[in-house]
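Below you'll find the structure, written out as C-alpha cells, and then a few comments.
Per chain, numbering begins at 1; letters A, B, ... match sequence-line order.
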Protein chains: 2
Amino acid sequence: MTDCSTCVVRNRAICASLDATEILALGKMGRKQKVRAGQTLLWEGDGAPVVANVLTGVLKLVVSTADGREQIVGVVFPSDFIGRPFGKESPYSVTAMTDAEVCIFNRNNFDEFASAHPDLQQKLLRRTLDELDRARHWMMLLGRKSASEKVASFLLEMSERLSGQGCDATNPKGGFELPFGRQQIADILGLTIETTSRQLTKMRGEGVLDLPSRREIVINDRAAMEAMAG
Amino acid sequence: MTDCSTCVVRNRAICASLDATEILALGKMGRKQKVRAGQTLLWEGDGAPVVANVLTGVLKLVVSTADGREQIVGVVFPSDFIGRPFGKESPYSVTAMTDAEVCIFNRNNFDEFASAHPDLQQKLLRRTLDELDRARHWMMLLGRKSASEKVASFLLEMSERLSGQGCDATNPKGGFELPFGRQQIADILGLTIETTSRQLTKMRGEGVLDLPSRREIVINDRAAMEAMAG
DNA sequence: CGTCATGTTGAACCGAATCAACGTTCGTGG
DNA sequence: CCACGAACGTTGATTCGGTTCAACATGACG
C-alpha cells in the first residue's frame, strides 16, 4: 500500500476531498510507480484497467493514425488524473515526457471506491469539465489558427500552467522551461518541426521572446504575444 | 414546473438515474424552452448561470476568434447535456442548428441538486468523460488529417450518431439527413465551404456516396469511406 | 574529440484558402 | 402558380502558408 499522508499532491489531487480514514482505504488500493521519460504507461485502444494520479513529472496523451501521424491531445501535470474510469478502454496512449511518478489504481477498484465517495466523484467531475473546456479551446486552435497564432497561444498557455508548478523560483522574469522538445510542440500544435522552429526564430527576431537554451522560453513582450495569439 | 414523467428523453438523459420523487423535485426547478433554428441560447464568455438538457433538435457549441473565425467544438443531440456546471462561465456559445426544445435549469440550483444526488452526478461524469474522448478524437482530426480524411471521418461519425436518433425509419439503406449545411460542416472540420463541397463532389464522382438532396447523404461504399478516413 | 540526437535554415512543392463567377433551391409575394 | 430574390452550393483560376526534402549547425555525452 501507499502512504498518502505524505503525498506531494495530497491537497491538490482529487484525493483532497477525502478524510484520514478514507484516504487510508484508497491508499491500500494504490501503488506508486516510477516512469522514465519516453516510457508509455497506457497504450491507445489498450483495455488495461488502470487509472492514476500524477505525482511528479509531465505526461502526454497521444492519438495516432495507422500511418504514424501523431497528435498530442492532452498534457498532464502533477495532481492531474489519468485514465478512463467506468469501463471504457483508453482512447489514447499515455507517455511520460519527463521522468515521472504516478499513483496507480486498478480501474474496477477505483470505480467502486468513487461510487461510494461522492465528494471524490465531484472533484473528478470538476476536473473532467475543466479538461473538456481546455480540449475544446484547443480545437479552435487546431482548426482555425495560423502557425504563428498557434505558437503564441501555446507559449502563453504553457507559461501559465507551468508557473503553478512550484518551479517559479528559478525564473527570473517570466521565463520558463518547457518539458519537451520541438517535435512535441509540433505534435501539440498540429504543425511540423520546421514550421515550429521558424515561428520561434521569427518571434525572437521581433524581440517578443528570448530562447536562452533549447527548452527555455522568456517572454519579453507579453502584450505582443497575446496580440499574436489571435 | 415541468412534468418529467412524459419527457421524451426521460430514460436517456442524466435524469434516468432519478426515481419518481426525485424527478418531481428536479421538475420543479426546470422549465421547458423552445429555441428556433439559428437562435443562440448561451453566449461565449457569458456568465449566464444556466444548464440544460436537450429534448429535441440539434445544437452546436461554437468558439470564435476576435476577427470572426468560427470553430464548432461540439454538436449536441437529444438527451445530451448543455452548459458548464460548478461555477464557471460558458467558454463557448450554444446555438440551435434546427428548431429545438431544451429543459433549462438555473445553474446554482442544479449544482446543489446534483451534489445531493450522487447517481445523477455519476451519470453526468460518464457523459462528460465520453464528450472528452470525442473532443480529443476530434483534435487528431483537426490537427493531422487532410481534407478528404476529415470529410470521410465526419460522415462516418454522423451516420453513427444520427442513426441512434429514431429517424432511421426514413432511411432506405444507410442514408441519413444532416441537420446542417455546408458552412457548418466546414466549421466542424476546420475547412472552408469550398473545400468541403469539392471533397463531397469528388466522393460522389468516385461512387463512394450519393447526394440525393442538399442535406442528404447516402454512403454507398462504407469500407472505402473508412479507408479514406485515415 | 567525435558521434548522435536535436534544432535551424533554405528551396521547391503542394494542398487548401481565397477570390470570383455561376447554378440551384427555397421561400415570398405578386 | 409563377416570378423574383436571397441564401446556399458548386466550380474554376490563382495565391499563399505550411509541408517536404535536403543540408547544415548546435549541443549533449560518451
Side-chain angles (χ1 to χ4, degrees), chain A residues 36-38 65 67-71 97-99 140-155 177-206 209-217 228 230, chain B residues 36-39 60 65 67-71 95 97-99 141-155 177-206 209-217 228 230:
Chain A
R36 291 230 147 267
T65 54
D67 62 343
R69 283 170 286 175
E70 292 199 347
Q71 175 68 48
M97 306 179 92
T98 65
D99 288 351
M140 151 56 84
L141 176 143
L142 291 170
R144 293 297 188 202
K145 290 195 177 178
S146 70
S148 48
E149 289 172 323
K150 284 180 177 182
V151 172
S153 307
F154 167 77
L155 293 175
E177 183 173 342
L178 294 174
F180 26 69
R182 296 290 182 269
Q183 179 64 64
Q184 293 177 324
I185 301 177
D187 284 344
I188 290 174
L189 298 177
L191 295 172
T192 56
I193 254 187
E194 295 94 330
T195 307
T196 308
S197 177
R198 278 188 250 269
Q199 294 302 329
L200 286 170
T201 311
K202 204 188 79 196
M203 287 180 186
R204 188 184 49 188
E206 292 165 348
L209 54 74
D210 285 334
L211 305 167
S213 76
R214 287 192 164 187
R215 299 191 163 196
E216 270 179 284
I217 306 278
M228 293 178 77
Chain B
R36 292 230 146 267
Q39 194 181 331
K60 60 179 178 178
T65 54
D67 61 345
R69 283 170 287 175
E70 291 200 348
Q71 176 68 47
T95 303
M97 304 178 93
T98 64
D99 288 352
L141 177 143
L142 291 170
R144 292 298 188 202
K145 291 195 178 177
S146 69
S148 49
E149 290 173 323
K150 284 181 178 182
V151 172
S153 307
F154 166 77
L155 292 176
E177 183 173 343
L178 294 173
F180 26 68
R182 296 289 183 269
Q183 179 64 64
Q184 292 177 325
I185 300 178
D187 284 344
I188 289 174
L189 298 177
L191 294 173
T192 57
I193 255 187
E194 295 94 329
T195 306
T196 308
S197 176
R198 277 188 251 269
Q199 294 301 330
L200 287 170
T201 311
K202 203 187 79 197
M203 289 180 185
R204 187 183 48 188
E206 292 164 349
L209 54 73
D210 284 334
L211 305 167
S213 77
R214 285 191 166 188
R215 297 190 164 196
E216 269 180 286
I217 307 277
M228 294 178 76

By nearest heavy atom, map Leu191(A) and Thr196(B) onto DNA chain D; which one lands nearer the 5' end?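 Counting from the 5' end, the first nearest nucleotide belongs to Thr196(B).
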Once hydrogens and angles are ignored, does a donor-acceptor distance under 3.5 Å link the base of [N] to the side chain of [X]?
{"X": "Arg198(B)", "N": "dG12(D)", "value": "yes"}
{"X": "Arg214(A)", "N": "dT26(D)", "value": "yes"}
{"X": "Gln184(B)", "N": "dC8(D)", "value": "no"}

If I take atom [atom1] in residue [X] and atom [atom2] in nucleotide [N], what distance separates them, rounded to the nearest angstrom?
{"X": "Glu177(B)", "N": "dT25(C)", "atom1": "CD", "atom2": "C1'", "result": "14 Å"}
{"X": "Glu194(A)", "N": "dC24(D)", "atom1": "CD", "atom2": "P", "result": "16 Å"}
{"X": "Met97(B)", "N": "dC8(D)", "atom1": "CE", "atom2": "P", "result": "12 Å"}
{"X": "Met203(A)", "N": "dG7(C)", "atom1": "CE", "atom2": "P", "result": "17 Å"}
{"X": "Arg69(A)", "N": "dG15(C)", "atom1": "CZ", "atom2": "P", "result": "13 Å"}
{"X": "Arg215(A)", "N": "dA5(C)", "atom1": "CZ", "atom2": "P", "result": "15 Å"}
{"X": "Leu211(B)", "N": "dT24(C)", "atom1": "CG", "atom2": "C1'", "result": "14 Å"}
{"X": "Gln199(A)", "N": "dT8(C)", "atom1": "CD", "atom2": "P", "result": "12 Å"}

Describe the nucleic acid contact of Ser213(A) in one word from base, sugar-phosphate, nothing, applying a heavy-atom distance below 4.0 Å.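 If one applies the 4.0 Å heavy-atom cut-off, Ser213(A) turns out to touch nothing in the nucleic acid.
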Between Ile193(A) and Thr195(B), just flag the one whose closest nucleotide in DNA chain C comes earlier from the 5' side.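 Comparing both residues, the 5'-ward one is Ile193(A).
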Please name the pair of heavy atoms, one in [X] and one in [Y], separated by the smallest distance, quoted to 0.1 Å.
{"X": "Ile217(A)", "Y": "Leu178(A)", "value": "CG1-CD1, 3.8 Å"}
{"X": "Met203(A)", "Y": "Ala152(A)", "value": "CE-N, 3.8 Å"}
{"X": "Arg182(A)", "Y": "Arg214(A)", "value": "NH1-O, 3.2 Å"}

Is there a donor-acceptor contact under 3.5 Å from the side chain of Asp99(A) to the main chain of Arg36(A)?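 No, Asp99(A) side chain to Arg36(A) backbone: no donor-acceptor pair under 3.5 Å.
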As a test of understanding, state which of Lys150(B), Glu206(B), Gln199(B) forms a side chain to side chain contact (heavy atoms under 4.5 Å, CB included) with Met228(B).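 Testing Met228(B) for a side chain to side chain contact (heavy atoms under 4.5 Å, CB included) against Lys150(B), Glu206(B), Gln199(B) leaves exactly one candidate, Glu206(B).
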So, does Thr201(A) get its side chain near the phosphate of dT9(C), meaning an N or O under 4.0 Å from OP1 or OP2?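 Yes, Thr201(A) has a side-chain N/O under 4.0 Å of OP1/OP2 on dT9(C).
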Nearest of dG9(D), dG7(C), dT19(D) to any side-chain atom of Thr192(A)?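 The closest nucleotide is dT19(D).
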